[in-house]
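Along the sequence shown, the residues carry numbers beginning at 1.
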Amino acid sequence: MRERPAEADWTTVPEADIVNFNRDVLGEKLIRLDSATIARLRVIPREVHRNPMGTLHGGFVMALVDYAMFAGSAALKGQTGILPAVTIDLGVRFVGAGDMERPVDVLVEMVKETGRMVFLRGSVMQEDDLVASWDGILRKVAKKA
């Protein structure tokens, strides 16, 4: 991961050099470990993340949570990039509207890991404001050669 000099405790999640949803729609993603059990993924909202009411689009929030499950799991396991897995289940409960003026943080906690599954939960925050809570399950897959 590339270090960000202005934000020494954050690193940029590496992306493939091809056009893809995660890079081109979600934008630059920063990650750090808050503790041994909590990873934090951060995105700075862009105009494309706005809904017609002027707040964060719910689809953007859900896509960001889905991505955070992979990147957060990898970070908690001491790996870079994203965990090779597929989403089995994701439940998101919206609590409040997110605004366009503050960074969006997805907190990721790994509840349990088995041989093939990763059980996760977390929240979407803007500073001290809760935007959503979530839980999800990933199924690990072998990396493609």
S.K.: Hey, quick one: are L107 and M62 part of the same hydrophobic cluster, counting side-chain heavy atoms closer than 4.5 Å, chains of contacts allowed?
M.R.: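 No, L107 does not connect to M62 through the hydrophobic network.
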S.K.: Under 4.5 Å between side-chain heavy atoms, hopping through other hydrophobics if needed: is there a path connecting F119 to V86?
M.R.: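 Yes, because F119 and V86 connect within a single hydrophobic cluster, where side-chain heavy atoms sit under 4.5 Å apart.
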S.K.: With sequence neighbours left out, write down each residue that passes side chain to side chain contact (heavy atoms under 4.5 Å, CB included) with R121, or none if nothing qualifies.
M.R.: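 Expected list: E109, V111, D135.
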S.K.: In terms of hydrophobic clustering (I, L, V, M, F, W, Y; side-chain heavy atoms under 4.5 Å; direct or indirect links), are V106 and V92 co-clustered?
M.R.: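 Same hydrophobic cluster.
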S.K.: What pair of heavy atoms forms the shortest contact from V25 to H49, and how long is it?
M.R.: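 Residues V25 and H49, closest heavy atoms: O-NE2, 2.8 Å.
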S.K.: What distance do Q79 atom CD and S73 atom OG have between them, rounded to the nearest 0.5 Å?
M.R.: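 That separation rounds to 9.0 Å.
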S.K.: So does T37 get a backbone contact from the side chain of S35, meaning a donor-acceptor N/O pair under 3.5 Å?
M.R.: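 Between the backbone of T37 and the side chain of S35 there is a qualifying donor-acceptor contact (under 3.5 Å).
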S.K.: Hey, what do you get for CZ (R116) to CD1 (I137), rounding to the nearest 0.5 Å?
M.R.: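 If I round to the nearest 0.5 Å, the distance is 15.5 Å.
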S.K.: Side-chain contact, heavy-atom cut-off 4.5 Å: E28 with T12?
M.R.: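 Side-chain contact under 4.5 Å: yes.
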S.K.: Answer yes or no: is there a donor N or O on one side and an acceptor on the other, between the side chain of Q126 and the main chain of V131, under 3.5 Å?
M.R.: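 Checked: no pair found.
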S.K.: Which heavy atom of A63 sits nearest a heavy atom of L26, and at what distance?
M.R.: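 Reported closest heavy-atom pair: CB-CD2, 4.0 Å.
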S.K.: Minimum heavy-atom separation for V104 to P45, with atom names?
M.R.: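 Shortest heavy-atom contact: CG2-CG, 3.8 Å.
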S.K.: Would you say W134 and I38 are hydrophobically clustered, going by side-chain heavy atoms of ILVMFWY under 4.5 Å?
M.R.: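 Unlinked, W134 and I38 end up in two clusters.
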S.K.: Could you tell me whether a side-chain N or O of N51 sits under 3.5 Å from a main-chain N or O of T55, the two making a donor and an acceptor?
M.R.: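 Side chain of N51 to backbone of T55, a donor-acceptor pair under 3.5 Å: yes, one is there.
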S.K.: Please list, chain by chain and in numerical order, all residues satisfying side chain to side chain contact (heavy atoms under 4.5 Å, CB included) with I82, sequence neighbours excluded.
M.R.: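 Side chain to side chain contact (heavy atoms under 4.5 Å, CB included) list for I82, sorted by chain: Y67, F70, A71.
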S.K.: Look only at the side chain of R32 and the backbone of R42, and say whether a donor-acceptor pair between them is shorter than 3.5 Å.
M.R.: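 Pair absent, no side-chain N/O of R32 close to backbone of R42.
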S.K.: With rounding to the nearest 0.5 Å, note down the distance linking CG in D66 to CG in L64.
M.R.: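 Atom-to-atom, D66:CG and L64:CG are 9.5 Å apart.
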S.K.: Grab the two heavy atoms, one from V43 and one from F60, that are nearest each other, plus how far apart they are.
M.R.: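 Scanning both residues, the minimum pair turns out to be CG1-CZ, 4.0 Å.
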S.K.: If every non-hydrogen atom of R46 is compared with every non-hydrogen atom of D24, which pair is closest and at what distance?
M.R.: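 Closest approach of R46 to D24, heavy atoms only: NH2-O, 3.3 Å.
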S.K.: Find the distance between CG (L83) and CG (L138) and round it off to the nearest 0.5 Å.
M.R.: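 The CG atom of L83 sits 6.5 Å away from the CG atom of L138.
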S.K.: Quick one: do M117 and K112 satisfy side-chain contact (heavy atoms from CB on, under 4.5 Å)? Show the steps, please.
M.R.: CA-CA 8 Å; M117 308 294 268; K112 183 174 182 165; over 6 Å; no
S.K.: Answer yes if M125 and L76 sit in the same cluster of Ile, Leu, Val, Met, Phe, Trp and Tyr residues linked by side chain heavy atoms under 4.5 Å apart, and no otherwise.
M.R.: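 No, M125 and L76 fall in different hydrophobic clusters.
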S.K.: Ignoring hydrogens, what is the shortest heavy-atom contact between A39 and A75? Give both atom names and the distance.
M.R.: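 Between these two residues, the closest heavy atoms are CB-CB, 4.4 Å.
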S.K.: If I take atom CG from residue L41 and atom CH2 from residue W10, how far apart are they, to the nearest 0.5 angstrom?
M.R.: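 One finds 7.5 Å between CG of L41 and CH2 of W10.
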S.K.: Please evaluate residues T87 and D89 with respect to the criterion side-chain contact (heavy atoms from CB on, under 4.5 Å), reporting the C-alpha separation (whole Å), side-chain torsions for both, the decisive distance (0.1 Å), and the verdict.
M.R.: CA-CA 6 Å; T87 303; D89 185 58; 5.9 Å; no
S.K.: To the closest 0.5 Å, what do you measure between NZ (K29) and CD1 (I44)?
M.R.: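 The NZ atom of K29 sits 12.5 Å away from the CD1 atom of I44.
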S.K.: Do side-chain atoms of K140 reach the backbone of T114 as a donor and acceptor pair under 3.5 angstrom?
M.R.: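 Judged by distance alone, yes, a pair lies under 3.5 Å.
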S.K.: How would you list, by chain and number, every residue that makes a salt bridge (charged side-chain N to carboxylate O under 4.0 Å, His left out) with D129, sequence neighbours excluded?
M.R.: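 With neighbours one apart ignored, the set is R102.
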